K.L.:
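Got a structure for you, questions after.
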Amino acid sequence: MSDTLVVRGARLYDGRGLDAIDEAVLVAQDGRVMYAGPAGGARGFDALPDAVDAAGRTLIPGLIDAHVHLCSNGSPDFAADAQSLSAQQARDRCAEAALRALEAGITTVRDLGGVGSATVEAARAQASGALKGARILTSVQVLTVPGGHAHFIGREIASVGEMVKAIQSLHEAGATVIKLVATGGVLTPGIGAQQSSFPPEQLHAAVEEAHRLGLRAAAHAIGAEGIAAAVDAGVDSIEHGCFLSDPVIGEMIGNPTWLVATLSAPERIASGGNEAPQYAVDKSLEVMTAQRGSFRRALDLGTRIASGTDAGTPYNLHGGLSHELKLMHESGMGLERILMSATRDAAQLLGLGDIGSLEAGKIADFVLLDGDPLTDVGAYARVALVVQNGRIVIDRR
Ligand SMILES: [Zn+2]
C-alpha cells in the first residue's frame with residue numbers, strides 16, 4: 001500500500017472533455033490511475049491512507065509542452081550560447097530545464113533540438129529515476145540543409161541518401177521524433193525566416209523513413225512555401241506555422257497535420273529585453289502578427305492544435321507553458337480546448353496513449369491548481385501540487 005496515493009475533494013477535469021466532477025476522488029497505485037471520478041464511485045477505496053485534501057482546488061492531467069529546447073536557457077543570443085556549451089554544460093542545462101518544467105506542472109516535454117546527445121541522456125536519466133524532472137521525448141538533434149537554420153546544433157543534410165542515414169542514426173541514438181528544419185528561422189543570422197530549405201524529395205524521404213521506423217516527423221516551418229512542402233510530405237506537425245493559407249490548413253485538417261504554434265517564441269524575443277541580437281528581434285516582429293492570424297484561422301477552421309512553447313529560446317524560460325496558454329486564449333482559443341491542447345491532444349501528437357487523461361490504467365501524472373482553468377486561464381500559473389507516476393514530486397500547498 002505504500003505506493004498508493006489518494007486525492008479527495010478537488011474539482012476534476014479528467015482530460016476527456018467531459019463536464020467537471022466536483023469533490024472528486026483520484027486513487028493512484030503503483031504509478032497508475034486506479035480510479036478518477038465522483039466520490040460515490042470510490043467506496044471500495046475508503047480505507048486507503050494518505051489522502052491529499054484537495055478541496056477548493058482543481059485537478060487536471062499533467063501538462064505537456066510539445067516543443068522545448070532543454071539545452072538552452074533563454075539566453076538572449078541562442079546561436080552563440082548553443083555553440084559555447086560543453087557536453088557537461090548541455091547535460092546540466094537539460095537537468096535544470098526538466099526540473100523547471102516539472103515545477104510548473106509540466107510532466108512531459110518534447111525536445112525538438114538539442115546539443116549533441118545531451119537531451120537523450122537526460123531522457124534516460126529521467127526515465128531511470130536519476131533525474132527529477134519532466135518526462136522527455138526528444139529528436140536529439142535537428143536536421144537542416146547545409147548552412148540552414150540551426151545548423152550550429154544540427155546535422156546538415158544535402159541529399160536523400162544523407163537524410164535517410166541521419167534518421168536511422170538518430171533512431172539508434174534514441175530519438176522518438178525527427179525534427180526537420182523546413183524553412184529559415186528567427187535565431188540564425190544571415191537567413192530569411194521565411195525562406196524554404198529542403199527540396200520536396202528530401203522531405204518525402206524523411207517522413208517515409210521516420211514513419212517506417214515508428215518515429216514522428218515534426219517540421220519547423222515559418223514561410224508559406226516551406227509549410228506547404230512539409231504538409232505535402234506528410235509531416236505529423238508544423239511547428240510555428242506563421243504563414244498558413246486556407247488551402248494548406250485544409251490539407252492539414254485532412255491529413256491530419258498538427259499545429260504547434262509556439263506563440264511565446266517571437267513574442268518573448270520582441271518584448272523580452274534588449275540584449276537579443278537585432279536580426280532576431282527584426283525577424284520576430286516580421287512573423288509575429290502573421291503568426292497570430294494564422295493561429296486564429298487554423299483554430300476557426302478546425303486544425304488539431306497542441307501546446308508548445310519553444311522554451312529555451314531568448315527570454316522564453318522553461319516552465320512557461322502557462323504564458324503560452326494565455327497567448328492561445330488571447331488568440332481565440334476557448335478554455336476547454338486549451339486544456340485539451342495541453343493534455344490529451346498533445347499526448348496524441350506525441351503518440352503517448354497512456355498519458356494526457358486521467359482514466360483507470362493510465363499513468364498517474366496530474367496537477368492540482370489553485371483556481372479553475374476553465375474559467376481563468378491564469379490558473380495554470382498557480383500550481384499547488386504535481387504528481388508524476390503516482391508520486392508527489394512538487395508540493396507547494
Ligand atoms: Zn524550436
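Everything numeric in this text was worked out from a predicted model, so none of it was measured. In listed order, ligands and their atoms are each counted from 1.
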K.L.:
Can you measure from CD (E96) to CG (L99) and round to the nearest 0.5 angstrom?
P.N.:
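Those atoms lie 8.0 Å apart.
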K.L.:
Evaluate the criterion side chain to side chain donor-acceptor pair (under 3.5 Å) for residue pair S264 and E324; output intermediate values, then yes/no.
P.N.:
CA-CA 6 Å; S264 305; E324 178 72 21; 2.4 Å; yes
K.L.:
Could you label the plane-to-plane angle of the F78 and F152 rings as parallel, tilted or perpendicular, counting under 30° as parallel and over 60° as perpendicular?
P.N.:
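Taking F152 first and then F78, their aromatic rings stand perpendicular (interplane angle over 60°).
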K.L.:
Quick check against the 3.5 Å criterion: does K283 have a side-chain atom that pairs as donor or acceptor with the backbone of P189?
P.N.:
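The answer is no, because no donor-acceptor pair under 3.5 Å joins these two groups.
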K.L.:
Side chains of D395 and R397, heavy atoms from C-beta outward: is any pair under 4.5 Å?
P.N.:
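D395 vs R397: side chains touch.
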K.L.:
Please give me the protein atoms (N, O or S only) lying under 2.8 Å from the Zn ion (ligand 1), ordered by chain and number.
P.N.:
H67 NE2, H69 NE2, D310 OD1
K.L.:
As an exercise, state the distance from CG of L112 to CD1 of I178, rounded to the nearest 0.5 Å.
P.N.:
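Between L112 CG and I178 CD1, I get 10.5 Å after rounding to 0.5 Å.
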